[in-house]
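Here's the structure, in structure tokens; my notes come after.
The figures that follow rest on heavy atoms only: side chains count, while hydrogens, waters and symmetry mates do not.
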Amino acid sequence: MMRAWVWLALGLQLGCGGGVDPRDLDGDGHPAELDCDDGNPTVWRSVTGYADTDGDGHGEEFQPVTCVGDKTRGWTTQASDCAPLDATRWRSVPGLYADSDGDGATSTGTVTGCVGDTLAGYREQPRAPDCDDQDATASALAQAWVDADADGVGAGEAIAWCPSRGRTPPSGHVLTSGDCAPRDTRFWQPLPFTHRDEDGDGFVVAVEGTVCSGTHLPEGYGTEPLPTDCDDHNPSRTEPVERWWDPDGDGYGDGAPVARCVGPRESSPGETFRGGDCAPGDGTRWQPRTYASRDGDGDGHLSPATGTVCSGFWLPLGYSTAVQDDDCDDGDVARFRTWSVHADTDGDGVGSGPSTALCGAATVPTGYSTQATDCASQDATAWRMLGFTYRDADGDTYTVPQDGALCAGTSLPTGYATRPMSGVDCDDTNATAYRNVNAYADTDGDGTGAGAPTLLCTNGQVPSPWSTTDTDCATEDATRWQDLTASHADHDGDGFTAPIAVQRFCTGKTLPAPYFLEAVGNDCDDADAARFRWRFLYRDQDADGVGATPRQVTCIGPGVLAGWSLYGDDADDSNPGIQTDEAAEDELSLLLDL
């Protein structure tokens with residue numbers, strides 16, 4: 001076998017061949033002398049043609065086709081396809097005007113167009129000139145003006161540009177002209193005005209004209225008739241003001257006023273801009289003010305009283321414009337506050353019974369309270385009703401829903417609550433039983449129960465003879481309580497398993513022998529403990545430890561069977577002294593030296 005392979009390799013290297021008819025090398029039925037390509041059985045006939053890549057029946061002049069067969073596609077005898085990759089165009093037409101974007105406007109000058117059945121993209125006659133023949137939205141040139149101050153309005157001589165889609169005017173140019181202040185970004189258009197405020201005081205004089213502006217008229221110009229300025233060159237002087245003679249200097253004058261165009265801080269000595277002084281000779285008082293309350297006894301608390309008093313900025317001490325009833329006895333400085341109180345007989349700070357009105361000082365009179373909610377008027381530890389919604393009668397901190405109310409102090413007494421404490425009590429008469437659990441009868445005492453669940457009120461633990469699980473498959477056998485499946489078995493006890501059909505067993509912690517859940521090895525014969533593994537073996541007829549092909553798969557144990565070997569490259573299996581083929585090795589060396 002080695003020698004045949006070596007001679008075959010040598011033959012391929014030296015180019016040896018045989019068995020092919022030299023008159024028809026590709027076997028297509030056409031002799032070599034008539035076959036334009038005798039190495040390709042799909043072509044044989046010589047033609048003068050051209051590659052037709054796009055299948056429009058017109059070929060590419062510079063891609064000739066000279067050899068075809070009966071089923072050869074993608075060629076034609078027609079040449080000069082001007083668009084080899086576009087089946088809609090193949091012929092060249094001179095003297096056309098380009099209209100690539102189809103907007104009806106054409107480029108200047110004639111061109112030779114590559115077209116198909118129609119002249120799409122071209123016109124036979126010139127149309128209006130197109131400044132961008134790749135954009136159907138633009139054809140005619142537009143105008144733009146220099147915008148030196150970048151305010152969006154230009155000025156000066158216009159330039160022409162093509163407004164193609166996505167293109168903006170050249171940098172520094174805009175589409176709007178007429179900037180009246182080309183170097184000032186704030187102004188670009190003249191706007192009319194009818195009033196002007198030169199000194200910026202918010203008062204105007206009537207003047208008409210125009211001024212270079214932005215979106216709105218600049219500061220100091222307007223069209224609204226605002227208050228008239230009596231002096232538009234001085235922002236402190238806006239309109240004539242009235243002045244009064246003020247002999248006491250309190251800012252309020254007396255007598256008839258005089259009108260003057262002056263600022264707020266401008267005045268002649270002894271003059272003021274306010275009149276009506278009710279005390280012309282007293283600088284601390286100048287205007288009568290009304291009051292609604294007065295402190296008659298001087299204790300700092302007022303009682304209702306109406307009238308007027310000559311005052312300054314504020315009413316004098318002891319008067320108020322608000323109706324105040326703080327003093328219940330305005331003739332006694334020791335009593336001023338009216339208390340609505342209830343008798344507090346147990347001294348817990350909460351009273352009961354009908355209210356009583358008392359005139360006193362700043363604190364609640366002794367033996368009384370402003371509250372009348374004492375539910376235990378003779379018990380100082382309880383004074384208010386507190387509601388409860390949960391009850392813990394056995395003191396185990398687990399509660400049952402129960403609504404009610406108790407007379408209590410700062411909090412509910414023990415055993416009452418407004419929300420669940422540790423949980424819901426299943427027996428509020430027994431402090432050792434407070435939680436319901438589902439339990440299953442465990443008749444064999446193996447820790448696993450079965451049957452229908454039973455609800456038990458316990459301390460949270462399932463007592464014996466009950467269980468929290470119900471999966472016991474053998475309720476009368478404590479050694480078995482769960483179902484386990486087996487998919488492997490070791491019937492011969494050699495420590496190696498073989499697959500079996502899945503079986504289910506009612507058992508304890510583990511499967512019974514000889515069953516296993518997972519494989520341990522791959523026993524090739526589970527009926528014979530001496531054999532447990534598969535191996536490829538070669539027949540060793542001369543017992544030299546090396547066999548020869550063919551090989552076969554054999555089920556064996558720890559060692560190899562007599563007369564067989566794990567190795568299969570013996571060159572002569574009838575002679576124990578020969579294991580290699582020297583001639584084949586020499587031929588292989590010769591081949592490798594070439």
Just by distance, do the side chain of [X] and the backbone of [Y] share a donor-acceptor pair under 3.5 Å?
X    : Y    : answer
D24  : G29  : yes
D570 : A548 : no
N459 : T432 : no
D99  : G104 : yes
D573 : Q541 : yes
S369 : G349 : yes
D38  : L25  : yes
Q482 : G508 : yes
T76  : Q78  : yes
R391 : G415 : yes

Separation of [Y] [atom2] from [X] [atom1] (nearest 0.5 Å):
X    : Y    : atom1 : atom2 : value
Y538 : R551 : OH    : CZ    : 4.5 Å
S46  : L34  : OG    : CG    : 9.0 Å
S565 : F536 : OG    : CZ    : 14.5 Å
D472 : T443 : CG    : OG1   : 7.0 Å
T373 : M385 : OG1   : CE    : 11.0 Å
R419 : M421 : CZ    : CE    : 10.5 Å

For the student: nearest non-hydrogen atoms of [X] and [Y], plus distance:
X    : Y    : answer
G353 : A372 : O-CB, 4.1 Å
W75  : R45  : CZ2-NH2, 4.5 Å
D392 : D394 : OD1-OD1, 2.9 Å
C524 : I556 : SG-N, 4.2 Å
C426 : A433 : SG-C, 4.3 Å
F388 : A405 : CE2-N, 3.4 Å

The single option from T397, D427, D425 passing side chain to side chain contact (heavy atoms under 4.5 Å, CB included) against Y434: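 Answer after filtering T397, D427, D425: D425.
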
Quick one, [X] and [Y] - any side-chain contact, counting heavy atoms below 4.5 Å?
X    : Y    : result
Q402 : Y390 : no
L456 : W466 : yes
W481 : K509 : yes
T458 : P463 : yes
T485 : L517 : yes
T497 : D526 : no
L141 : C162 : yes
S487 : V502 : yes

Show the numbers, then the answer: is there a side-chain contact (heavy atoms from CB on, under 4.5 Å) between L406 and L386? CA-CA 5 Å; L406 293 174; L386 293 181; 5.7 Å; no

Would you say E33 has more than 12 foreign heavy atoms packed within less than 6.0 Å of its CD?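 Buried by this count: over 12 neighbours within 6.0 Å.
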
Is it true that S164 and D132 share a donor-acceptor pair across their side chains at a distance under 3.5 Å?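 There is such a pair (donor and acceptor under 3.5 Å, judged by atom type) between the side chains of D132 and S164.
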
Any chance the side chains of R127 and Y97 put a donor and an acceptor closer than 3.5 Å?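 Result is no, nothing qualifies.
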
Which is it for T42 and T72 under the side-chain contact (heavy atoms from CB on, under 4.5 Å) test, yes or no, and what are the steps along the way? CA-CA 8 Å; T42 65; T72 304; 5.8 Å; no

Check step by step if side-chain contact (heavy atoms from CB on, under 4.5 Å) holds for D70 and W44. CA-CA 9 Å; D70 295 332; W44 55 273; 3.5 Å; yes

Before you tell me yes or no, could you show the steps for F516 and T510 under side-chain contact (heavy atoms from CB on, under 4.5 Å), namely the whole-Å CA-CA distance, both residues' side-chain angles and the distance that decides it to 0.1 Å? CA-CA 9 Å; F516 293 84; T510 60; over 6 Å; no

Parallel, tilted or perpendicular: ring planes of H58 versus W90, cut at 30 and 60 degrees: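 Rings of H58 and W90: parallel, under 30°.
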
Should the pair F505 and Y515 be assigned to parallel (<30°), tilted (30 to 60°) or perpendicular (>60°) ring geometry?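 Tilted: the ring planes of F505 and Y515 meet at 30° to 60°.
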
